[in-house]
Amino acid sequence: MKYLTLAETYRDLQATSKRLEMRDILVDLFRGTEPRLMGRVVYLTQGTLGPDWEGLQLGLGEKLVSRAIALTAGISDDDLEALVHREGDLGLATEAAFASKGPKQVQLFQESLTVDRVFESLTQVARVEGSGSTEKRIRLLQQLLMDADPLSARYIVRTVVGKLRLGIADMTILEALEKAFLWAEDEERVMGSDKVVEAIYNVHPDMGAIALAVANEGAEGLAGFGIEVGVPVRSMLAERLGSTPEILEKMGGRCAFEYKYDGMRIQAHVGPGGVHLFSRRMETITSQFPDVVQAMESAFAGHEAIMEFEAVVHNPETGELLPFQEVSHRRGRVHGLAESVEDYPLVLFAFDLLYLDGEELLLQEFQLRREALESLLGKAGEGPIRPSTLRWVEDPEGGDDFFLEAISAGCEGIIAKAVGEGSHYRAGARGWQWIKYKRDYQAGMTDTVDLVVVGTYAGAGKRTGFYGALLMASVNQEEGTLESVCKLGTGFKDEELAALHERLSPTVLKEAPGNLRSGLQPDFHVQPELVLEVLGAEVTLSPVHRCAYGHLRPQTGLAIRFPRMVRLRDDKGPEEATTSSEIEDMYRRQLKRAD
DNA sequence: GTAGCGTCCCGCC
DNA sequence: ATCCGACGCATTCGG
DNA sequence: CCGAATGCGTCGGATGGCGGGACGCTAC
């Protein structure tokens, strides 16, 4: 099968926004594909090379792909950038570049690419590692692009940068698989009426394997798949809602509230094959959490189980729960693992049990799963694993109390969970069975806080155009100190920034005694005399929400992001920065110079 | 050769 | 993570 | 009565900050 066939299908898919039409285009593609190739065709259409938990990554993003394109098409980086600007995205820019100039090799060989060739080349790109690997990757991509016609090049490039932009994703592909291989030729049904393939995908999210099976053996091919320890189950997701009365209405008057912990979601599989940990997006993260693996082994030895919990960093002395930033130090870690386990100790708040010793609990109602979870944890004894805090709620008052309790416990809010009929674990679905209610929108948390402007920064944003923000600090009037530094606004418009300046009517604050420090980064101390050129004096920006940890959110419609950056000046005048990490880097440099 | 920094990518929320 | 637009489908509305 | 309007759920894409790793480059 030629890759061009695939590319043409992609082009057709893009031409419509109607999902039924897209599904049928895919159905035609699948029915016309040799069964042998179905896995690869489906992976490519998903924009991947294999299931998420295998963790293959191409390691090429926009920048590096751009280099490969410029080399292949024989144009300069600047020209390519101009093309991207004109055409709208890197894929279209490549197509245009290839169409007008055309790499010589294309004209010489005209050896059209096959699906196999593209798939194998990309897999090869993903496998390269070590010194020189970036160059090697670029070269491999370049070789592939040399044999690509303009349309194929468009989609190869988009595949590599991870933005296929077809208007289709998992759900549409699943529908198409279902129709192509399980329905009679010209049958029509209401969309989503059967969902046999989706049901399998939810407990075995490997679209390529499923496609291969179903294309070869039809419905019988699905028999081999089912929930399995070691294979991640698609996570159930929540919708967001703003108040307890709304939640109770959606839930039919009765539901369970649980703390929404500010941590990282982990799905743990325990079985004879050992412990496997998966992230919310089904990446394998086992090796990053040896402490979790150990806790699972000792707590659930002899059991086969799949459970979900939120991993939260806490202070073992005080029991205080620390915010997400802390646990993110643990994520993706390879070096200094032992230290990070020590520095960021975890508590694991288990909130669901999907499978236990041969029983598919995910099919059961919430109460049953919860009971099973609690009894399993009860037997597990002391340790870092605990059940999530839960309350059965039937009236808004009880719900609000619980919400405030959750906030003061250091949580983000609550998750409301449907109970009774229909409250089985809906793998892969986002919906009202689980409702998120987060602190951002909680009225009644309002508090007036004096803020001072301690810095501004502005620059040309990469995508959004103008970028600007104010660095604010709240003032502790009694102590005369600054606390809770935060950034106000990202990417807001020129006029808005000017208006804010106006409104804040700055005067100079001479001294900022004490350490200026981020509420989220206790170890991130800033010497104000080093870093502050204070532009503004005390201003009152009210009302302001003061939330747990001192995050601030004014009712200006602008977000205040979690702070840890400081705007700096040096002798050369203000530096510009567009991201918090750049600002942080600036700060580090400044500190260094001060030494 | 390598330490230290910069760039880029990626996956968490 | 949040937000938003487009579609599909069921129900209600209105000429 | 039937087509139009409405309401609601669903899906997919676009957007953001942040932390960490891998690799590349360069000055010693």
Side-chain angles (χ1 to χ4, degrees), chain A residues 13-14 16-23 47 52 55-67 89 126 128-138 160-175 189-193 237-240 250 260-266 279-285 288 310-311 323-337 340 344 412 428-433 436 438 440-441 461-464 467 469 487 489-492 520-521 559-565 578-585 588-589 592:
Chain A
L13 282 169
Q14 242 187 294
T16 177
S17 56
K18 295 183 170 53
R19 281 197 63 230
L20 292 175
E21 203 174 318
M22 295 192 283
R23 180 197 62 187
D52 292 328
L56 267 187
Q57 21 181 98
L58 286 162
L60 294 176
E62 296 223 4
K63 296 275 188 193
L64 300 178
V65 170
S66 293
R67 261 153 59 186
D89 89 342
V128 189
E129 54 184 39
S131 181
S133 60
T134 303
E135 256 334 285
K136 185 91 190 282
R137 287 198 175 101
I138 291 172
V160 175
V161 298
K163 283 192 266 188
L164 224 29
R165 323 203 325 180
L166 299 178
I168 54 146
D170 289 9
M171 298 317 270
T172 314
I173 302 176
L174 289 168
E175 288 261 352
R189 304 183 199 176
V190 169
M191 202 161 73
S193 60
L237 304 173
E239 290 283 314
R240 188 171 183 171
K250 279 275 183 200
K260 185 185 188 309
Y261 296 94
D262 192 11
M264 196 176 122
R265 184 169 176 173
I266 294 179
S279 74
R280 203 191 74 147
R281 273 194 27 193
M282 290 158 300
E283 302 276 336
T284 302
I285 52 174
Q288 293 154 37
E310 194 80 8
F324 171 74
Q325 267 83 349
E326 302 295 326
V327 76
S328 76
H329 291 294
R330 296 285 309 271
R331 201 188 61 71
R333 195 109 185 183
V334 175
H335 311 297
L337 252 180
S340 85
Y344 307 102
E412 280 192 304
R430 53 182 166 184
W432 300 112
Q433 274 71 26
K436 249 183 302 191
K438 293 178 64 170
D440 292 11
Y441 295 112
K462 287 190 180 71
R463 268 190 274 267
T464 48
Y467 177 98
K487 186 173 63 166
T490 63
F492 54 86
L520 284 178
Q521 292 283 322
I560 291 186
R561 296 294 178 179
F562 296 157
R564 62 170 308 182
M565 70 290 303
T578 53
T579 68
S580 53
S581 42
E582 283 171 19
I583 294 162
E584 196 180 312
D585 290 346
R588 294 230 169 85
R589 282 199 296 275
K592 211 161 181 184

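Labels below follow one simple rule: chain letters A, B, ... track the order of the sequence lines, proteins then strands, and each chain is numbered from 1. Any value given below was found using the heavy atoms of this structure, including those in side chains, with hydrogens, waters and symmetry copies removed.
- The shortest distance between the side-chain N/O atoms of A/Ser131 and the OP1/OP2 oxygens of D/dG24 is below 4.0 Å.
- Among the atoms of the strands shown, only primed sugar atoms or phosphate atoms (P, OP1, OP2) are found under 4.0 Å from some heavy atom of A/Arg281.
- If you check C/dT2, B/dG11, D/dG9 against the side chain of A/Lys250, the one that comes closest is D/dG9.
- The 12-atom threshold is exceeded at CD of A/Glu239, counting heavy atoms of other residues, nucleotides or ligands nearer than 6.0 Å.
- In plain terms, the two heavy atoms of A/Ala311 and A/Ile266 that are nearest each other are CB-CD1, 3.9 Å.
- Nucleic acid contact for A/Arg331: base, since at least one base atom lies under 4.0 Å from a heavy atom of the residue.
- At the heavy-atom level, A/Gly130 lies under 4.0 Å from the strands shown only through sugar-phosphate atoms.
- Using a 4.0 Å cut-off between charged side-chain N and carboxylate O, A/Glu412 and A/Lys436 make no salt bridge.
- Across all strands, A/Lys436 comes closer than 4.0 Å only to sugar-phosphate atoms, never to a base (heavy-atom distances).
- For A/Ala169, the side-chain atoms get nearest to D/dG12 when compared with the rest of D/dG12, B/dC13, D/dG24.
- Residue A/Ser279 has a polar side-chain atom (N or O) positioned under 4.0 Å from OP1 or OP2 of B/dC12.
- Under the 3.5 Å distance criterion, the side-chain polar atoms of A/Thr16 are left unmatched by any main-chain donor or acceptor of A/Leu13.
- Contact check, A/Thr172 against D/dG12: a side-chain N or O comes under 4.0 Å of OP1 or OP2.
- A/His329 has no side-chain polar atom (N or O) that falls below the 4.0 Å cut-off from OP1 or OP2 of B/dC12.
- Side-chain atoms of A/Arg430 and base atoms of D/dG12 include a donor and an acceptor less than 3.5 Å apart.
- If you check C/dC9, B/dG11, D/dC23 against the side chain of A/Leu20, the one that comes closest is C/dC9.
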